[in-house]
Amino acid sequence: MTHAPPQVTILGVRIDDVSMDETVARIRRMLADGRPHHIVTVNPEFVMTAQRNALFRTTLRRADLAVPDGVGLKLAARWTGQRLANRVPGVELCERLAQLSAETGARIFLLGAAPGVAEAAAAALRRRYPGVVIAGCYAGSPHPRDEADVRQRIMAARTEILLVAYGSPAQDLWIARNQPRLAIPVAIGVGGSFDYLSGAVPRAPRLMRQLGLEWLYRLVRQPWRWRRIWTAVVRFPVAVLLHRQRRTTSNE
Ligand code: UDP
């Protein structure tokens, strides 16, 4: 039997406090069990989107595993008297799954990102994890009219682990809509991971990541994303603090 991991709740969104090793161990069990599962990699932007998008809120609540991605969540947990010990960045999870695939033969399908990027990410994974089984790569589109074609490709490839890079919230809404018919053991929304794996977008230097300054690196490299960075770095902490303030006031 699998025990439920410790959880924290931030602005109504549940996050499972699992380490990278625990996440991979759980994914191994999902593969062995064979039933369909959905894993979400929650970051502050997810939490903010969930405040105004009820369908996304439900999707996150129903996920089989909600791993913590983003240092902002750790701070938010601390400010609200909770403890979140772990971080599971999507791109590192993809690499661990490539390693798992090389060991076990689990078949990975890379769906999404700009044309050619999934293929380049797969080539990088093959170089780093010889023996990884890439079941298929396809950019496709998150549009509902393309779903039947995309599902057909994923099923024809006998996919066991599906990585979906359509950005948030589209990728997890796509999984929620399609997983009942796909019924593959593991489906994960992985955001910009293929861009990083392929080298199309560089990751922040390790020190910046350790200091929680990945957002600053992104702001300099991709200034057009300022609005999203603003949401994660300013709107999210403000919303968490206001929520805490309201709860304290109402308890007095
Ligand atoms: N993407 C896509 N189709 C879309 C929108 C986004 O394939 O209609 C891809 C985009 O190319 C990128 C990935 O989704 O590789 C993640 O996008 P973004 O960096 O905006 O998402 P985040 O990781 O920040 O949620």
Side-chain angles (χ1 to χ4, degrees), residues 13 15 38-53 55-57 59-60 63 66-73 87-95 97 108-125 134 136-147 149-151 153-154 162-178 187-204 208-209 212-236:
V13 174
I15 298 150
H38 181 183
I39 300 176
V40 290
T41 60
V42 181
N43 65 27
E45 266 192 278
F46 278 49
V47 175
M48 294 309 283
T49 305
Q51 305 307 299
R52 52 182 164 76
N53 182 333
L55 184 58
F56 188 53
R57 207 158 52 233
T59 301
L60 294 182
V67 304
D69 185 359
V71 276
L73 298 177
R87 228 194 122 190
V88 180
V91 59
E92 286 166 33
L93 180 57
C94 292
E95 300 209 37
L97 293 180
I108 304 184
F109 195 106
L110 285 71
L111 176 67
V117 173
E119 285 80 359
L125 291 176
I134 304 294
C137 299
Y138 187 52
S141 100
H143 199 284
R145 73 166 172 256
D146 297 327
E147 283 178 5
D149 166 54
V150 174
R151 277 200 309 271
R153 289 168 189 261
I154 292 167
L162 174 65
L163 307 177
V164 185
Y166 282 145
S168 178
Q171 58 194 17
D172 292 299
L173 297 176
W174 191 97
I175 293 172
R177 283 196 308 274
N178 290 281
I188 315 177
V190 294
S193 297
F194 301 169
D195 296 328
Y196 295 122
L197 291 171
S198 67
V201 175
R203 274 199 93 190
M208 281 188 98
R209 298 207 302 261
L213 292 176
E214 201 157 5
W215 62 270
L216 184 59
Y217 185 81
R218 282 201 192 156
L219 185 60
V220 174
R221 300 294 298 230
Q222 302 173 295
W224 58 91
R225 290 174 64 117
W226 69 269
R227 195 186 291 277
R228 301 183 45 183
I229 295 167
W230 174 260
T231 294
V233 178
V234 180
R235 287 184 54 229
F236 171 71

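In what follows, residues are counted from 1 in the order of the sequence shown. Ligands are counted one by one from 1 in listed order, and the atoms in each one are counted from 1 as well.
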F56 meets the ring pair (Phe, Tyr, Trp, His ring centres under 6.0 Å) criterion, sequence neighbours left out, with F46
Closest non-hydrogen atoms of L110 and A121, given as atom of the first, atom of the second and distance, are CD2-CB, 3.9 Å
Test side-chain contact (heavy atoms from CB on, under 4.5 Å) applied to V201 and R221, step by step: CA-CA 9 Å; V201 175; R221 300 294 298 230; over 6 Å; no
Rounded to the nearest 0.5 angstrom, the CG-SG distance for L197 and C94 is 5.5 Å
Hits for salt bridge (charged side-chain N to carboxylate O under 4.0 Å, His left out) against D149, two or more places apart or cross-chain, chain-then-number order -> R153
What are the polar N/O contacts of ligand 1 with the protein below 3.5 Å, with distances?
{"unit_1": "ligand 1", "atom_1": "7 (O)", "unit_2": "A113", "atom_2": "N", "d": "2.9"}
{"unit_1": "ligand 1", "atom_1": "7 (O)", "unit_2": "A165", "atom_2": "O", "d": "3.4"}
{"unit_1": "ligand 1", "atom_1": "14 (O)", "unit_2": "A165", "atom_2": "O", "d": "3.0"}
{"unit_1": "ligand 1", "atom_1": "14 (O)", "unit_2": "G167", "atom_2": "N", "d": "3.2"}
{"unit_1": "ligand 1", "atom_1": "15 (O)", "unit_2": "D195", "atom_2": "OD1", "d": "3.3"}
{"unit_1": "ligand 1", "atom_1": "15 (O)", "unit_2": "D195", "atom_2": "OD2", "d": "2.7"}
{"unit_1": "ligand 1", "atom_1": "19 (O)", "unit_2": "R225", "atom_2": "NH1", "d": "3.0"}
{"unit_1": "ligand 1", "atom_1": "20 (O)", "unit_2": "R228", "atom_2": "NH1", "d": "2.7"}
{"unit_1": "ligand 1", "atom_1": "23 (O)", "unit_2": "G192", "atom_2": "N", "d": "2.8"}
{"unit_1": "ligand 1", "atom_1": "24 (O)", "unit_2": "R225", "atom_2": "NH2", "d": "2.9"}
{"unit_1": "ligand 1", "atom_1": "24 (O)", "unit_2": "R228", "atom_2": "NH2", "d": "2.5"}
{"unit_1": "ligand 1", "atom_1": "25 (O)", "unit_2": "S168", "atom_2": "N", "d": "3.4"}
{"unit_1": "ligand 1", "atom_1": "25 (O)", "unit_2": "R228", "atom_2": "NH2", "d": "3.3"}

By side chain to side chain contact (heavy atoms under 4.5 Å, CB included), R87 pairs with (sequence neighbours left out) D69, V71, P89, E214
